[in-house]
Amino acid sequence: QEQFVESGGGLVQPGGSLRLSCAASGRTFSTYAVGWFRQAPGKEREFVAAINWSGRRVVYADSVKGRFTISRDNAKNTGYLQMNSLKPEDMAVYYCAANPAGNVPLTSVGYDYWGQGTQVTVSS
């Protein structure tokens, strides 16, 4: 079974940047779609971005378009979320998720595998 581990979270000032990584343990990462979700305290988990297995299709939530970039390196079994121009409302626990079907669902039910999450704090 694939396992996914996020890293790269931390404390950043408003307007700053972070790059999250999602490292997969198995050999089939290149066939999976990867999604990023986030959950702030007291709120439901929400979709942030997703990329299909080949990297040719990416989808973003409106709230992060133009600021976040999702990518993947199949040779390294790793997905990434580059976050620029961070705002206090971006503060949340960020989760990566994988869909073995390879397409890019926009809801959490479309993903079979999840990482443990990494905290992103945006504060001055």
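Values reported hereafter were calculated over all heavy atoms of this structure, with side chains retained and with hydrogens, waters and symmetry mates removed.
In the hydrophobic clustering of ILVMFWY residues, with side-chain heavy atoms under 4.5 Å counting as a link, M91 and L11 come out apart. Placement of V34 and Y113 within a single hydrophobic cluster is found when ILVMFWY residues are connected by side-chain heavy-atom separations under 4.5 Å, directly or transitively.
Legend: residues meeting side chain to side chain donor-acceptor pair (under 3.5 Å) with Y95, ordered by chain and number and at least two apart, are absent. Taking D90 as the reference, R38, R67 meet the side chain to side chain donor-acceptor pair (under 3.5 Å) condition, with sequence neighbours excluded. Every side chain to side chain contact (heavy atoms under 4.5 Å, CB included) that S71 has, sequence neighbours left out, goes to Y80. In this structure, D112 has no side chain to side chain donor-acceptor pair (under 3.5 Å) partners at least two apart in sequence or on a different chain. Residues meeting the side chain to side chain contact (heavy atoms under 4.5 Å, CB included) test with S124, sequence neighbours left out: P14. Residues passing the ring pair (Phe, Tyr, Trp, His ring centres under 6.0 Å) test with W114 are F37, sequence neighbours excluded. For K65, the side chain to side chain donor-acceptor pair (under 3.5 Å) partners two or more places apart in sequence, or in a different chain, are D62.
Sorted by first and then second residue, the side-chain hydrogen bond (donor to acceptor under 3.5 Å, both in side chains) pairs involving residues 7-23 (not counting sequence neighbours) are S17-N84. Applying the disulfide (SG to SG under 2.5 Å) test to pairs two or more places apart or on separate chains, none has a residue in residues 28-93. The list of disulfide (SG to SG under 2.5 Å) pairs with a residue in residues 56-114, not counting sequence neighbours, reads C22-C96. Listed by first then second residue, pairs satisfying ring pair (Phe, Tyr, Trp, His ring centres under 6.0 Å) with a partner in residues 53-76 number zero, not counting sequence neighbours.
To the nearest 0.5 angstrom, E6 atom CD is 12.0 Å from Q119 atom CD. A distance of 10.0 Å separates CD1 in I70 from CG in N52, rounded to the nearest 0.5 Å. Rounded to the nearest 0.5 Å, atoms CG (L18) and CE (M83) are 4.5 Å apart. In this structure, L20 CG and T78 OG1 are separated by 12.5 Å, a value rounded to the nearest 0.5 Å.
S30 contributes no side-chain N or O that, together with a main-chain N or O of T28, makes up a donor-acceptor pair within less than 3.5 Å. No donor-acceptor pair under 3.5 Å is formed between the side chain of R57 and the backbone N or O of A50. In this structure, T118 contributes its side chain and G9 its backbone to a donor-acceptor pair below 3.5 Å. Judged purely by atom type and a 3.5 angstrom limit, E2 uses its side chain to pair as donor or acceptor with the backbone of G26. With N74 contributing its side chain and N77 its backbone, the two residues share no donor-acceptor pair below 3.5 Å.
For the pair Q3/V5, no side-chain contact is recorded, criterion being any heavy-atom separation below 4.5 Å from C-beta on. For the pair Q39/Y94, no side-chain contact is recorded, criterion being any heavy-atom separation below 4.5 Å from C-beta on.
Within a 6.0 Å sphere centred on CD of E44, other residues, nucleotides and ligands contribute 12 heavy atoms or fewer.
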Worked verdict on F47 versus V59 for side-chain contact (heavy atoms from CB on, under 4.5 Å)
CA-CA 10 Å; F47 171 80; V59 183; 4.2 Å; yes
Identify all side-chain donor-acceptor contacts of residues 103-111 below 3.5 Å with residues at least two apart in sequence or on another chain.
unit_1, atom_1, unit_2, atom_2, d
N103, OD1, N99, ND2, 2.5
Y111, OH, P105, O, 2.7

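Contact between G79 and F29 at its shortest, heavy atoms only, is N-CZ, 3.7 Å.
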